[in-house]
Number of protein chains: 2
Amino acid sequence: MSENLPETWQGGPSWRPVARSRAHELVIEAIEDQIMVGALKVGDPLPPERDLASRLQVSRAGVREAIRVLEGQGVLRSNVGAGADAGTFIAAMPSEALTRFLRLHVALSNFRLDDVVDARVMLERSSASLAAANSDQRAREAIRGPLEQMDVEGISREEFNDADTAFHVAIAEAGGNQLVADMTIAIRASLRAPILEAFRQLEDWSQVSAMLREQHHGIIEAIAAGDGERAARLTEEHIRAASAALPALRSPGG
Amino acid sequence: MSENLPETWQGGPSWRPVARSRAHELVIEAIEDQIMVGALKVGDPLPPERDLASRLQVSRAGVREAIRVLEGQGVLRSNVGAGADAGTFIAAMPSEALTRFLRLHVALSNFRLDDVVDARVMLERSSASLAAANSDQRAREAIRGPLEQMDVEGISREEFNDADTAFHVAIAEAGGNQLVADMTIAIRASLRAPILEAFRQLEDWSQVSAMLREQHHGIIEAIAAGDGERAARLTEEHIRAASAALPALRSPGG
DNA sequence: ACCTTTTAGTGGTCTGACCACCAAATCGAT
DNA sequence: ATCGATTTGGTGGTCAGACCACTAAAAGGT
């Protein structure tokens with residue numbers, strides 16, 4: 001077999017069919033291989049779907065299914081139209097993908113809520129500690145924004161929940177570790193529905209929200225003071241207290 | 001609009017078209033909605049692709065793209081043929097999906113290797129501590145298996161790496177927190193290629209491997225002794241020492 | 001009662017067509 | 001020569017319809 005086939009992408013990735021199970025898996029493997037060997041980096045374009053199909057000897061439908069899968073993982077991004085922006089590109093959107101992933105699996109109870117809470121404690125302890133050590137003035141202000149939203153009188157439980165999420169996300173991002181931040185975001189987002197449901201079932205809402213508010217202020221103070229150990233401790237206490245105050249969290253409500 | 005359309009799945013999920021952007025996204029949202037409200041649980045079957053297509057008013061191709069995406073997230077599983085096992089089902093395979101996800105994004109350098117290592121330290125500290133507190137005899141034996149493999153003379157670097165992965169995975173699973181374990185597995189797997197590459201570039205392999213072996217034995221001893229604090233400390237030292245001994249880990253080799 | 005054949009329904013694949021979109025090339029009037 | 005309007009061509013998005021491979025259950029024959 002001579003390699004006389006025209007290599008349209010000179011020096012670029014060599015798109016050759018690999019193993020064979022389902023067609024779209026072949027395409028996924030071909031693209032992943034190019035990523036693994038470094039032939040495709042973030043921002044690089046993929047060949048047009050029709051080209052890929054003929055090069056890999058599969059139908060365009062198979063190519064499209066593969067692209068969809070990788071798009072769902074936050075690895076690809078497609079634009080219609082013409083010109084430099086048109087086509088499919090290697091992307092870097094891990095956060096959204098991770099969030100969707102965890103949200104689904106938590107909803108399916110593939111992870112015990114206790115495990116999720118424990119993992120959250122571990123991650124956010126780390127984030128708080130990192131934020132205390134690394135955060136600058138701007139990052140701390142980003143944390144205070146949602147804090148003030150939660151202090152507003154008469155805020156709805158849903159708004160409170162979203163501001164609470166924003167608060168914890170801001171701390172995670174202030175920590176400076178992107179992977180930890182993304183995992184934190186994903187876990188908090190995956191708990192949004194159950195927490196909101198638990199909020200609704202709550203009788204003494206004002207009391208619980210007052211407690212949460214107070215704990216939040218304690219955490220931001222520790223971070224601003226650069227006291228990582230205290231920030232971590234208060235964060236763990238906060239999460240566990242909130243978890244304990246929301247008994248509905250323990251029994252997944254259908 | 002009266003609801004006179006025949007509801008084939010009586011009492012089951014109601015498959016109605018929702019918003020509209022791309023066709024497959026509509027299908028994904030429809031399925032996710034059913035999962036979110038608890039109408040679909042692990043093991044439940046989806047309607048046949050052709051049915052879903054007509055109910056949601058999209059082509060079968062659109063339905064298939066959506067199914068592929070969710071399959072890639074470890075949420076669906078499809079079987080061909082006829083009978084009770086045939087068709088598409090809600091599945092629970094988060095580990096593989098998470099692993100593929102992280103492997104890709106690490107390869108794309110969407111996460112700094114330092115961040116990945118720090119996250120790994122955090123997770124495995126926790127796993128080791130949990131394993132010391134919770135593990136039973138069987139779980140500890142599962143940890144010792146890979147340990148003995150690594151002690152074999154003349155083992156190749158690749159075999160060593162795989163046994164090392166199995167060692168850390170076994171500890172994570174002994175901890176009893178499925179989410180933490182899955183994240184640990186995914187992170188270690190995402191580092192497989194770079195670590196293997198770093199191993200190859202290593203001059204004094206026997207010296208490094210001897211160090212790693214010794215540290216492993218220390219960790220399992222601490223776990224067996226039920227000393228969570230020591231197990232966590234040794235695990236962190238182990239990971240950081242290994243990271244330091246592999247300078248190639250710091251500069252992503254294309 | 002048992003084995004064989006047929007059937008029907010599932011996902012897997014492919015083809016070929018058309019649409020919406022949009023930058024760049026083309027054209028035409030000034 | 002300039003500038004605006006038009007055309008062009010390539011991109012992903014969508015669809016309809018046809019097969020194929022597979023397999024459990026039904027139908028049929030011994």
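Remember, predicted model here, so these are calculated numbers, not experimental data. First the proteins, then the strands, lettered A, B, ... as listed; each starts at 1.
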K.L.:
Would you mind reading off the distance between A:E49 atom CD and C:dG16 atom P, rounded to a whole angstrom?
P.N.:
17 Å
K.L.:
Specify the separation, in whole Å, of atom CZ of A:R22 and atom C1' of C:dC14.
P.N.:
16 Å
K.L.:
Please work out if A:G83 contacts a base, only the sugar-phosphate, or nothing of the nucleic acid, heavy-atom cut-off 4.0 Å.
P.N.:
sugar-phosphate
K.L.:
At 4.0 Å (heavy atoms only), tell me whether B:R68 reaches a base, stays on the sugar-phosphate, or touches nothing.
P.N.:
sugar-phosphate
K.L.:
Quick one: the side chain of B:R50 and the base of C:dG11, do they pair up donor-acceptor inside 3.5 Å?
P.N.:
yes
K.L.:
Which whole-number value in Å describes the distance from A:D51 CG to D:dG10 P?
P.N.:
11 Å
K.L.:
Does a side-chain heavy-atom distance below 4.5 Å link A:E32 with B:L104?
P.N.:
yes
K.L.:
If you look at every strand shown and take non-hydrogen atoms under 4.0 Å, does A:A86 touch a base, only sugar-phosphate, or nothing?
P.N.:
nothing
K.L.:
Report which part of the nucleic acid A:N79 touches: base, sugar-phosphate, or nothing (heavy-atom distance under 4.0 Å, all strands).
P.N.:
sugar-phosphate
K.L.:
Would you mind telling me which of D:dA16, C:dG12, C:dC18 lies closest to the side-chain atoms of B:S59?
P.N.:
D:dA16
K.L.:
Just to be sure I understand the rule, does A:G87 reach a base, reach only the sugar-phosphate, or reach nothing, if contact means heavy atoms closer than 4.0 Å?
P.N.:
sugar-phosphate
K.L.:
Would the base of C:dG16 count as contacting A:R60 through its side chain, where contact means a donor and an acceptor less than 3.5 Å apart?
P.N.:
no
K.L.:
Looking at B:E141 and B:R144, does any basic side-chain N land under 4.0 Å from a carboxylate oxygen?
P.N.:
no
K.L.:
Quick check for you: among C:dA23, C:dG12, D:dG12, whose closest atom lies nearest to any side-chain atom of A:A82?
P.N.:
C:dA23
K.L.:
Could you tell me the separation between the CD1 atom of B:I31 and the CG atom of B:L26, rounded to the nearest 0.5 Å?
P.N.:
10.0 Å
K.L.:
Rounded to whole Å, how long is the line connecting atom CZ of A:R64 with atom C1' of C:dT15?
P.N.:
15 Å
K.L.:
If I compare all heavy atoms of B:R55 with all of B:W15, which pair ends up nearest, and what's the gap?
P.N.:
NH1-CD1, 3.5 Å
K.L.:
The side chain of B:T88 is closest to which nucleotide in this list: C:dG11, C:dT13, D:dT14?
P.N.:
C:dG11
K.L.:
Judged by each residue's nearest nucleotide on DNA chain C, which is more toward the 5′ side, A:H24 or A:G81?
P.N.:
A:H24
K.L.:
Name the closest nucleotide to the B:A61 side chain, picking from D:dC15, D:dG13, D:dG10.
P.N.:
D:dC15
